[in-house]
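Model, not experiment: these values are computed from the prediction.
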Amino acid sequence: NAVKTLEVTQKVNISTVLANLQQKSQPFVLLADIKDESGITVQNPSVTGSLANNEQIVLELPWAPQHPGNYSVNLFVWGSIDNPTALSIVMSLKIKVNEIVNKISIPLGTHVPGCEEQGRCFLPPLLKIKEDQSVIWINDDTAAHTITSGTPQVGPDGHFDSSLFISGNSFTSFFKNKGIYPYFCMV
């Protein structure tokens with residue numbers, strides 16, 4: 001219930017605690033019904049299992065929204081998919097998904113050596129963001145590129161790496177913490 005605002009493509013785990021207070025084991029299915037603001041279900045992640053008597057577990061259902069907007073999430077705990085007998089009250093939450101506002105272009109012509117000297121390999125060449133935000137790099141060049149954290153002099157530092165992505169595609173990385181994150185293209 002902690003996260004209520006996300007960005008497009010930001011991965012999140014919708015989690016809840018299930019407890020079986022009975023003196024017998026209980027099979028279950030945890031189902032999330034994620035709906036957009038039009039009321040259309042966009043995803044139904046689920047997990048099945050069984051709880052022993054007096055057992056308690058934390059369950060997580062992954063979700064990465066693909067479009068901005070307001071979403072409602074209802075969590076159902078049933079005996080099974082085939083037997084949708086409610087084992088718990090419906091748990092609900094609202095999530096707002098924002099568009100990624102931090103965009104960097106890999107401009108046309110950067111595949112030709114020399115953009116480094118002019119500081120024009122990435123536009124803007126420097127970007128300041130807040131904690132818990134994403135950055136999207138868009139390949140506007142005609143050649144494939146990478147977005148690799150680190151520097152050309154020292155090499156990759158392991159924070160993020162797009163692998164090779166072609167013209168017209170993009171790469172997104174989420175930044176949880178403050179810091180300076182240098183990056184370069186390995187091509």
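Partners of Phe174 by ring pair (Phe, Tyr, Trp, His ring centres under 6.0 Å), not counting sequence neighbours: none found.
For residues 20-76, the pairs satisfying ring pair (Phe, Tyr, Trp, His ring centres under 6.0 Å) are Trp63-Tyr71, Phe76-Trp78, with sequence neighbours left out.
With 3.5 Å as the limit, one finds no donor-acceptor pair spanning the side chains of Asn20 and Asn54. A donor-acceptor contact closer than 3.5 angstrom links the side chains of Glu37 and Asn70. Side-chain atoms of Asn139 and Ser167 include no donor-acceptor pair closer than 3.5 Å. Side chains of Ser80 and Asp82: no donor on one and acceptor on the other come within 3.5 Å.
Between Lys103 and Ile136 the shortest side-chain heavy-atom distance falls below 4.5 Å. Side-chain atoms of Leu108 and Asp141, non-hydrogen and from C-beta on, do get closer than 4.5 Å to each other. Inter-residue side-chain proximity for Met186 and Pro156 is flagged as met; some heavy-atom pair is nearer than 4.5 Å.
Grouping the Ile, Leu, Val, Met, Phe, Trp and Tyr side chains by contacts below 4.5 angstrom, directly or via other members, places Ile100 apart from Phe171.
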Inset, instruction - In sequence, state the C-alpha distance, the side-chain angles, and the governing distance for Tyr183 and Trp137, and then conclude on ring pair (Phe, Tyr, Trp, His ring centres under 6.0 Å). - result: CA-CA 11 Å; Tyr183 60 90; Trp137 287 265; 5.2 Å; yes
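Here the two cysteines Cys121 and Cys185 have their SG atoms 2.5 angstrom or farther apart.
For the pairing with Pro62, the side chain to side chain contact (heavy atoms under 4.5 Å, CB included) check across Val47, Ile14, Asn13 returns one residue only, Asn13.
Within 6.0 Å of the CG atom in Leu126, the count of heavy atoms belonging to other residues, nucleotides or ligands does not exceed 12.
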